[in-house]
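What follows is a single structure, written as structure tokens, with notes after it.
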Amino acid sequence: EDKVVQSPLSLVVHEGDTVTLNCSYEVTNFRSLLWYKQEKKAPTFLFMLTSSGIEKKSGRLSSILDKKELFSILNITATQTGDSAVYLCAPTDNYGQNFVFGPGTRLSVLP
Amino acid sequence: GEEVAQTPKHLVRGEGQKAKLYCAPIKGHSYVFWYQQVLKNEFKFLISFQNENVFDETGMPKERFSAKCLPNSPCSLEIQATKLEDSAVYFCASSPHTGANVLTFGAGSRLTVL
């Protein structure tokens with residue numbers, strides 16, 4: 001059965017701190033891994049990772065995938081209160097249409 | 001349209017009543033997904049469609065839940081005889097037709113069963 005584990009489940013930091021969120025997965029015929037940010041409503045897309053070792057960056061956020069060890073990390077540097085959200089990772093299978101969501105990491109950034 | 005449109009935003013039902021939620025995927029997207037999120041917990045996959053055909057229904061409770069995606073109509077998720085535990089936010093998402101895809105989510109429909 002496909003499985004996704006995210007850690008930590010909850011994290012409280014202060015503005016300016018750097019955080020690393022972890023996602024490990026077991027997915028049959030893995031193809032790619034997506035990261036989403038969920039604030040009050042719908043999750044919004046952050047990154048899609050398909051290849052190992054290639055870092056994707058968007059402003060203060062970056063993410064990388066390790067297909068050998070079956071995990072991905074999401075880094076946020078110089079956190080701001082607006083980064084407070086639940087961060088979800090979702091690996092997909094080879095067909096690209098089976099998304100398995102992890103439980104999420106709830107990040108709270110205090111001023 | 002360029003967004004996944006879900007209606008209604010909030011629906012309140014008494015136990016035993018029927019609830020029906022709607023989703024219009026992004027124009028040109030072939031896949032539609034329904035997820036249930038209870039109390040901001042995990043996303044539970046319910047069902048996915050490829051156009052009007054069921055693609056994967058492994059998450060769908062067999063007894064009271066049904067879903068359709070008909071041509072030229074919004075997709076729908078219907079719950080017969082709602083129970084308290086059906087209270088959740090139901091998210092619809094859509095994705096394009098091939099390849100490693102990105103799911104785009106709607107804003108969700110909050111169902112409250114009293």
Side-chain angles (χ1 to χ4, degrees), chain A residues 1-10 23 25 27-52 54 56 58 63 65 67 72 84-108, chain B residues 1-10 21 23-26 29-51 53-60 69 88-110:
Chain A
E1 187 180 321
D2 296 338
K3 188 176 160 185
V4 181
V5 176
Q6 289 190 246
S7 64
L9 290 179
S10 182
C23 173
Y25 61 88
V27 170
T28 306
N29 298 321
F30 171 85
R31 181 168 190 168
S32 60
L33 186 142
L34 285 71
W35 282 97
Y36 284 85
K37 176 183 181 182
Q38 185 181 24
E39 294 175 87
K40 291 186 178 171
K41 288 192 174 177
T44 53
F45 171 73
L46 294 175
F47 298 110
M48 180 167 71
L49 305 157
T50 307
S51 302
S52 270
I54 298 174
K56 293 218 170 176
S58 176
S63 185
L65 175 68
K67 288 164 77 171
S72 175
S84 296
V86 175
Y87 291 85
L88 299 157
C89 74
T92 76
D93 65 6
N94 200 39
Y95 198 78
Q97 297 294 354
N98 176 26
F99 300 83
V100 184
F101 279 88
T105 292
R106 184 174 297 277
L107 174 65
S108 299
Chain B
E2 289 303 311
E3 62 173 26
V4 177
Q6 287 190 249
T7 55
K9 286 192 169 70
H10 193 186
L21 312 175
C23 169
I26 290 174
H29 280 195
S30 302
Y31 288 87
V32 171
F33 301 75
W34 284 100
Y35 289 88
Q36 180 195 56
Q37 189 180 38
V38 176
L39 290 176
K40 295 195 175 181
N41 288 329
E42 292 193 40
F43 274 79
K44 178 178 184 280
F45 168 75
L46 295 175
I47 190 168
S48 60
F49 288 84
Q50 181 181 14
N51 298 311
N53 304 307
V54 173
F55 183 72
D56 182 349
E57 58 181 346
T58 51
M60 198 71 157
C69 277
V89 180
Y90 292 83
F91 285 100
C92 174
S94 69
S95 72
H97 63 291
T98 56
N101 288 308
V102 174
L103 275 181
T104 302
F105 283 85
S109 290
R110 179 178 296 279

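Computed from heavy atoms alone, side chains included, the values below leave out hydrogens, waters and symmetry copies.
Classification of the Y25(A)-F30(A) ring pair by plane angle, with boundaries at 30° and 60°, yields parallel.
There is no contact between Q6(B) and chain A, counting heavy-atom distances below 4.5 Å. Looking at F45(B), neither its backbone nor its side chain comes within 4.5 Å of chain A, counting heavy atoms on both sides.
Between chain A and the options D56(B), V89(B), L103(B), heavy-atom pairs under 4.5 Å are most frequent for L103(B).
Of the candidates F43(B), W34(B), F33(B), F43(B) is the only one forming a ring-ring contact (aromatic ring centres under 6.0 Å, His included) with F105(B).
With sequence neighbours excluded, no residue forms a side chain to side chain donor-acceptor pair (under 3.5 Å) with S51(A).
Panel note: side chain Q6(A), backbone Y87(A); a donor-acceptor pair is recorded below 3.5 Å.
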